[in-house]
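What follows is a short report on a single structure.
Letters A, B, ... are given to chains in the order of the sequence lines, protein chains preceding strands, and every chain is numbered from 1.
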2 protein chains.
Amino acid sequence: MSANPLRVDGLQYSNWSEKIFRQLREGGVDAVHVTIAYHENLRETILNIERWNTWFERYPELIVQARSGDDVRRAQETGRTAIIFGLQNPSPIEDDIGLVEVVHTLGVRFMQLSYNNQSLLASGCYESVDSGITRMGREVIKEMNRVGLVIDMSHSGERSTLEAIDLSERPITISHANPHSWAAALRNKSDTVVKALASAGGMFGFSLYPHHLKGKSACTLDDFCAMVARTAELIGVEHLGLGSDLCQDQPDSVVQWMRTGRYTKGVDYGEGSAAQPGFPPQPGWFQDSRDFANIEDGLRATGFSPREVALLMGENWMRFFDQSFGPAAAPSES
Amino acid sequence: MSANPLRVDGLQYSNWSEKIFRQLREGGVDAVHVTIAYHENLRETILNIERWNTWFERYPELIVQARSGDDVRRAQETGRTAIIFGLQNPSPIEDDIGLVEVVHTLGVRFMQLSYNNQSLLASGCYESVDSGITRMGREVIKEMNRVGLVIDMSHSGERSTLEAIDLSERPITISHANPHSWAAALRNKSDTVVKALASAGGMFGFSLYPHHLKGKSACTLDDFCAMVARTAELIGVEHLGLGSDLCQDQPDSVVQWMRTGRYTKGVDYGEGSAAQPGFPPQPGWFQDSRDFANIEDGLRATGFSPREVALLMGENWMRFFDQSFGPAAAPSES
């Protein structure tokens with residue numbers, strides 16, 4: 001229906017509202033992976049799903065839940081934004097591997113094995129020691145492979161990430177991060193990780209969260225797109241997409257909760273600092289979902305061909321969704 | 001594939017095992033509505049779903065989960081028994097109407113509004129006062145209608161049942177009971193209820209639980225089939241099926257838990273007595289799922305035509321599944 005390439009955002013955690021849903025439409029965003037849990041247990045996660053069900057019922061002309069690549073295509077054909085559920089922490093599966101299939105049945109398609117801290121499955125990128133994938137982690141990776149729940153290592157430590165890439169029989173993702181060689185944030189990923197991810201068929205989503213950008217909020221669109229180009233030279237354009245990490249309209253209390261959950265009674269500034277404890281301002285060229293066209297323009301200006309721009313803006317994610325969201329082709333025991 | 005008519009059992013709560021799944025196949029049972037909760041809250045119900053997922057994974061050649069009539073047809077074509085989840089109590093939705101859609105997403109297709117006692121939604125058939133459908137009950141009925149979760153009033157009181165039939169915009173069921181005029185058990189249903197159910201397009205499933213049978217365990221097949229024939233004369237054969245209420249291989253501790261859950265620290269004999277507190281023995285002609293052929297033979301001997309036997313053995317349930325398990329055709333506000 002549109003001359004624009006299909007647009008997929010590999011991660012958002014906005015303070016959802018009709019306004020934001022309309023901006024997704026204005027921005028031509030065909031699909032967005034939305035975080036439905038950071039620290040919640042199963043019951044709390046289901047409360048978040050209930051909120052989404054209310055939005056799906058209230059705004060059927062703007063959004064629709066997607067469980068497959070075909071669902072995204074149907075959303076695009078009917079002029080709506082497909083919403084794909086994901087978890088930034090394995091807390092919703094508690095200590096119970098049976099919940100992997102249950103959350104998949106509920107529509108969850110991504111799960112991070114850890115979020116900054118150690119989890120039952122893997123180490124987080126903020127731990128001083130990364131002990132790799134745990135005993136339960138190995139079992140959960142097999143189960144996620146079986147049912148079609150994508151492993152996301154955006155917030156995990158380097159060793160855990162490399163082990164997950166190696167242990168998983170299906171491609172995994174780092175849905176929202178940037179190369180550490182470009183911006184030396186603890187959350188950004190080494191070239192070793194980026195290359196290993198791509199070699200195993202995985203997807204890397206570029207983040208637009210200022211703490212992950214070179215120069216933070218002052219980062220320029222040119223600089224961002226040049227970084228995309230260098231990464232494409234390193235691993236090939238087929239493994240790259242966007243994962244904006246947009247946290248639009250969230251109060252600063254939310255970023256504080258994202259960082260601490262229930263793990264401490266103290267303060268954890270995460271990627272911020274005592275001087276800047278809240279959400280950092282977005283760069284001018286990516287204020288909200290209406291600005292995906294700016295990135296598309298920037299990628300063209302950097303020298304990507306129209307075909308490459310289409311891959312980067314969404315088609316790579318679509319290929320990944322098609323191959324990742326269903327049950328494994330053959331039983332894992334075969 | 002088989003010359004036998006399609007066979008559907010409208011309710012079982014057996015102590016599931018490979019043996020029982022094989023007996024379902026031997027008995028040619030194409031679909032069975034299985035109870036996955038009596039008194040469980042959401043998290044406990046999900047543990048029960050996890051057990052079912054383990055069975056689905058372990059016995060894929062015997063059983064498969066069904067969410068629609070078409071799923072049942074696919075099961076029949078591939079020689080497997082379709083398993084349809086149901087709740088005998090609204091306890092899994094707790095006090096939270098949002099859980100109606102959540103349990104439907106998890107595959108639940110039937111929910112009783114009460115189980116013997118008062119619930120948040122309706123009165124049970126053992127309460128001395130039946131106050132009818134509650135405020136929350138009215139809301140939940142609308143929501144069940146919207147998402148395609150069937151209202152089952154098998155264990156509810158008469159007033160609540162008549163009100164549910166009236167309030168529901170879609171046909172409801174009494175999945176497992178018999179006419180009170182035939183066997184005067186508290187759980188059996190008055191002709192008023194049976195007629196109102198059928199007038200509203202609902203389905204009545206005949207129980208083979210001895211406490212619901214005339215003469216209990218000594219009930220004869222002829223007597224059972226004659227009762228089916230009289231009921232067909234009363235309301236038409238199209239609204240009738242089987243709901244065996246088979247509780248095969250369950251220890252007596254389970255029937256005690258079914259009766260009391262967590263509502264009393266004392267003893268509730270339910271339909272039993274101090275002299276016979278456990279599960280009553282099944283009649284000789286219906287010991288387990290292999291005996292559906294006996295009922296089919298009995299119905300033919302009673303004078304039902306082959307077409308009528310096919311309707312009674314499963315086709316009526318299939319028509320009901322087809323019209324009941326999906327979302328409402330039009331928004332309820334229209």
Side-chain angles (χ1 to χ4, degrees), chain A residues 36-37 40-61 64-68 71 83-85 91-109 139-140 142-149 327-334, chain B residues 36-37 40-61 64-68 71 83-85 91-109 139-140 142-149 327-334:
Chain A
I36 64 163
E40 291 90 335
N41 67 10
L42 180 70
R43 185 65 183 89
E44 294 163 333
T45 302
I46 287 175
L47 284 171
N48 295 340
I49 291 175
E50 293 176 47
R51 286 186 73 199
W52 271 108
N53 285 342
T54 304
W55 290 321
F56 293 135
E57 201 180 341
R58 193 171 302 164
Y59 306 113
E61 77 287 7
V64 61
Q65 187 175 358
R67 297 158 177 271
S68 66
D71 283 350
I83 303 292
I84 304 165
F85 291 164
S91 56
I93 69 162
E94 302 175 355
D95 62 352
D96 183 352
I97 195 168
L99 292 180
V100 171
E101 184 166 357
V102 168
V103 298
H104 188 268
T105 300
L106 289 170
V108 175
R109 291 295 178 269
E139 301 301 316
V140 168
K142 280 190 279 190
E143 182 69 354
M144 292 174 76
N145 283 171
R146 185 180 74 83
V147 303
L149 181 56
S332 55
E333 61 264 34
S334 75
Chain B
I36 63 164
E40 291 90 335
N41 66 12
L42 180 70
R43 184 66 183 89
E44 294 163 333
T45 302
I46 286 175
L47 284 170
N48 295 340
I49 291 175
E50 293 175 46
R51 286 185 73 199
W52 271 108
N53 285 342
T54 303
W55 290 321
F56 294 136
E57 201 179 341
R58 194 172 302 164
Y59 306 113
E61 77 288 6
V64 61
Q65 186 174 358
R67 297 158 179 271
S68 66
D71 283 349
I83 303 292
I84 304 165
F85 290 164
S91 56
I93 68 161
E94 302 176 355
D95 63 350
D96 182 353
I97 196 168
L99 292 179
V100 171
E101 184 166 357
V102 169
V103 299
H104 188 269
T105 300
L106 289 170
V108 175
R109 291 295 178 270
E139 300 301 315
V140 167
K142 279 190 279 189
E143 181 69 354
M144 292 173 76
N145 284 171
R146 184 180 74 82
V147 302
L149 181 57
S332 55
E333 61 264 32
S334 75

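Residue contact with chain A, scored on non-hydrogen atoms closer than 4.5 Å, involves the backbone and the side chain of L99(B) alike. The contact between L42(A) and chain B is made entirely by side chain atoms (from C-beta outward), counting heavy-atom distances below 4.5 Å.
The side-chain heavy atoms of L106(A) and I46(B), taken from C-beta on, include no pair separated by under 4.5 Å.
Judged as a side-chain hydrogen bond (donor to acceptor under 3.5 Å, both in side chains), and not counting sequence neighbours, the contacts of D96(A) are R43(B). In terms of the side-chain hydrogen bond (donor to acceptor under 3.5 Å, both in side chains) criterion, N53(B) has no residue partners (sequence neighbours excluded).
How far CD of E101(A) is from CD of E57(B): 6.5 Å, rounded to the nearest 0.5 Å.
Options T54(A), L47(A), T105(A) differ in how many heavy-atom pairs under 4.5 Å they form with chain B, and the most are formed by T105(A).
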